[in-house]
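Taking it in order: structure first as C-alpha cells, then the write-up.
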Amino acid sequence: MNVQNFGEPSGYLDFARLGPLSHAVAAVLAESARRRVGDMPLAWFEEQAARTRSAAARLLRAAEHEVAFLSSTSHGLFAAAAALPGEGVVLLPRGEFPANVYPWLRFEGRGGLRVRWIDEARLTPQVLAEHLDASVRALAVSAVDALTGYPAPLGALKEVLGPGRVLVVDAIQGLGVVPLEVEAADVLVCGGQKWLRAGWGAALLLARDRVAGLMAPGLGGWSGVEDPLAGPAPRPPLAGAAAHTMTNPDWSAVAALGVAIELVLEAGVAEIGRRTADRLGELLDTARAAGARVLLDGPAGAGGPAPPGAGRGAGHGAGRGAAEWSGIGSFTMPGRDPAAVHAALAAAGLTTTLRGEWIRLSPHATTSGEAVQRLAAALHPPRKESS
C-alpha cells in the first residue's frame, strides 16, 4: 500500500474505531461536493456508483447484482434480520458487538427469528455443531472480534451450517485489511468508515443468489422494487441485494467507498494483512516486554491459534500467518490503572481505545515504526526517585 496516499499521524492506532481518509478519498469527496454545488450532473454520480459496485464485487468475489449500498453496517444488519421472518432460530455469540445484537433482538417477537445465544468464548465449527438443530435458520457473527481480534473461521462455519441456513457476517473489522473467506458469507455487511478508510455514509450489503429463496425484502422500500412509479404498490422486488434497500444511498459516500476499495484491490488484501499483522506483532511484543498481559495470549492449541508474537525467535513474525490474526490486539498492564495507562499513551501521541481494563491497538499497513518506539517509551515503568 502506497503510504504517500495516506497522512494519518504516526501514532494513530485506532483503525478499529475510525480510519482516517486517504488523500484519494478526500479528493473524490471534494469533487462530489463541487459538482453538487454546480449543475448536479447525475450521470457522474451514476458512473461512480457503477465503478464502486464493480470494485466491491471483485473484493467480495460476487456478482455485481449481489451487491447493494446502504447507509451503515447497522442498517445492513437490520435489513438482514428483517429479511428472515417466520419461525426458527438465529444463533448469536454472546460476546458480539452490539451492532450485531440489537437487530435480531428488535425483530424477535415481531415476526422475526428467535435469538439463541452461544456462550462459548470462541465460536468454532465444533461449538456451532453442538448448537445446531432443525429450528436453526441462521448464524450471525462478526468476521473479526472487535476486542480480541480473533477472526471467525467463516468457511468452516458455513460448511457446518449447510446450504439451507444463512450465514450473516458483520465484516466491518476485517474487510479490506485481512484475508477473509468472503465466499462463505451468504449475507455480508460492512461500513466504509473503519479499515476501508472511506468515511461515513455508505456501507456494502452482499446478499448472494444462493440464499435468495430463504430471504424476504423485509426492509425493502421503493428503491428495492421494479419500476416503483409504474403502477400500484406493491411492485415486484428487484433481483439481488438491491431488493433489501429502503431508498437511495448518499451517492457522494458511495463514490468515496469505491475509491477506497480500489486502493485496497491495488495493494492486495494479502499484502495489507501481512504488513498490518507484522506491525501489530511488533506493538504487542513491545507491550509484553513492558509487562503487559495480552488478551488471548496462550500456547498454540489451547483454545485457538498462537497469538501475534507467540513462538517468535527465528525472526519477526515467526509462527504466525496473516490469515490467522487481524489488525486488532488488546492488552492490560497488571497493577496499573488502565485509565492512567491510556492517558499516558495519549500523552505520548498514541491514539488507542480503552474498553474496560483492555487497551485496544489497531494499526494499519501504513502505520510507521515510530508508533512502536512511542509505545515502548510510554509503557516503561516510571523510575522511583531515591530518598
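The hydrophobic cluster containing Leu167 also contains Leu206, counting ILVMFWY residues as joined when their side-chain heavy atoms lie under 4.5 angstrom apart, directly or transitively. In the hydrophobic clustering of this structure, Tyr12 groups with Val177; members are Ile, Leu, Val, Met, Phe, Trp, Tyr whose side-chain heavy atoms approach within less than 4.5 Å, directly or through other members. Criterion: ILVMFWY side-chain heavy atoms under 4.5 Å apart, direct or through other members. Under it, Trp117 and Leu132 are not part of a common hydrophobic cluster. Cluster annotation: Val294 and Val372 are assigned to the same hydrophobic cluster (Ile/Leu/Val/Met/Phe/Trp/Tyr, side-chain heavy-atom contacts under 4.5 Å, transitive). Connection of Leu180 to Val168 is not established within any shared hydrophobic cluster, with ILVMFWY side chains joined at heavy-atom distances below 4.5 Å, either directly or through further cluster members.
For the atom pair CD (Glu64) and CZ (Arg58), the distance works out to 9.0 Å, reported to the nearest 0.5 Å. How far OG1 of Thr73 is from CG of Leu188: 9.5 Å, rounded to the nearest 0.5 Å. The NE2 atom of His342 sits 14.0 Å away from atom CE of Met333, with the distance rounded to the nearest 0.5 Å. The structure places CG of Leu295 at 11.5 Å from CG of Leu361, a figure rounded to the nearest 0.5 Å. To the nearest 0.5 Å, atoms CG (Leu92) and CG (Leu113) are separated by 11.0 Å. Once rounded to the nearest 0.5 Å, the distance linking CZ of Arg114 with CG of Leu105 reads 13.5 Å.
The existence of a salt bridge linking Glu8 and Arg197 is confirmed by a sub-4.0 Å separation between a basic side-chain nitrogen and an acidic carboxylate oxygen. Comment: Glu183 engages Arg61 in a salt bridge, judged by a side-chain N to carboxylate O separation of less than 4.0 angstrom. Looking at Lys158 and Asp186, a side-chain N of the basic residue comes within less than 4.0 Å of a carboxylate O on the acidic one, giving a salt bridge.
With hydrogens and angles disregarded, no donor-acceptor distance shorter than 3.5 Å links the side chain of Ser74 to the backbone of Ala99. The backbone N or O of Phe45 sits nowhere less than 3.5 Å from a side-chain atom of Arg35 that would complete a donor-acceptor pair. Panel note: side chain Ser362, backbone Leu13; a donor-acceptor pair is recorded below 3.5 Å. Side-chain atoms of Arg279 come within 3.5 Å of backbone atoms of Thr367 as a donor-acceptor pair (strictly under, hydrogens ignored). The main-chain N or O of Arg235 is never found under 3.5 Å from a side-chain atom of Glu226 such that the two would form a donor-acceptor pair. Between the side chain of Thr286 and the backbone N or O of Glu282 there is at least one donor-acceptor pair closer than 3.5 Å. Remark: the backbone N or O of Ser10 is not paired with any side-chain donor or acceptor of Glu370 at under 3.5 angstrom. Using modelled atom types, no side-chain atom of Thr332 and backbone atom of Trp358 make a donor-acceptor pair closer than 3.5 Å. Using a distance-only test at 3.5 Å, with no hydrogens or angles considered, a donor-acceptor pair links the side chain of Thr52 to the main chain of Gln48. In this structure, the side chain of Arg208 does not engage the main chain of Glu66 through any donor-acceptor pair within 3.5 Å.
The shortest side-chain heavy-atom distance between Glu96 and Val141 falls under the 4.5 Å cut-off. In this structure, Leu175 and Leu60 have side chains that are in contact, with non-hydrogen atoms separated by less than 4.5 Å. Using a 4.5 Å heavy-atom threshold, the side chains of Leu128 and Leu123 count as touching. A 4.5 Å side-chain heavy-atom check between Trp104 and Leu91 finds every atom pair outside the cut-off. Residues Val189 and His75 fail the side-chain proximity criterion, which asks for heavy atoms closer than 4.5 Å. When side chains are defined from C-beta on, Val187 counts as touching Met215, because their heavy atoms get closer than 4.5 Å. Proximity of Trp195 to Val144: side-chain heavy atoms (C-beta onward) are nowhere separated by under 4.5 Å. Put simply, the side chain of Ile261 reaches to within 4.5 Å of the side chain of Leu204, judged on heavy atoms.
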(request) Output, in order, the C-alpha distance, side-chain angles, deciding distance and verdict of side chain to side chain contact (heavy atoms under 4.5 Å, CB included) for Leu84 and Val90. (result) CA-CA 9 Å; Leu84 292 166; Val90 56; over 6 Å; no
(message) salt bridge (Lys or Arg N to Asp or Glu O under 4.0 Å), that's the test. Do Arg275 and Asp278 meet it? Break it down for me.
(response) CA-CA 5 Å; Arg275 293 189 186 187; Asp278 283 348; over 6 Å; no
(message) Evaluate Leu345 against Leu375 for side chain to side chain contact (heavy atoms under 4.5 Å, CB included), listing each step before the verdict.
(response) CA-CA 7 Å; Leu345 298 184; Leu375 183 66; 3.7 Å; yes
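Taking both residues in full, the closest heavy atoms of Ala62 and Val67 are given as CB-CG2, 4.5 Å, listed atom of the first, atom of the second, then distance. Closest heavy-atom contact between Gly201 and Ala253: C-CB, 3.5 Å. Annotation for Ala256 and Ala198: closest pair CB-O, 3.7 Å, computed over non-hydrogen atoms. Across all their heavy atoms, Gly11 and Ala371 have their closest contact at CA-CB, 4.5 Å. Considering every non-hydrogen atom in both Val259 and Ala24, the closest pair reads CG1-CB, 3.6 Å.
Clustering of Ile, Leu, Val, Met, Phe, Trp and Tyr side chains at separations under 4.5 Å leaves Trp222 isolated, with no partner residue.
Under the rule for a ring pair (Phe, Tyr, Trp, His ring centres under 6.0 Å), Phe107 has no partner lying at least two apart in sequence or in another chain.
Atom CD of Glu159 is surrounded by 12 or fewer heavy atoms from other residues, nucleotides or ligands within 6.0 Å.
No side-chain donor-acceptor contact under 3.5 Å links Ser330 and Arg355. Side chains of Arg116 and Ser135: a donor-acceptor N/O pair is present below 3.5 angstrom, by distance only. Counted by atom type alone, Ser223 and Asn248 present zero donor-acceptor pairs between their side chains at under 3.5 Å.
A perpendicular orientation is assigned to the rings of Phe69 and Trp251, their planes being inclined by more than 60° (bins at 30° and 60°).
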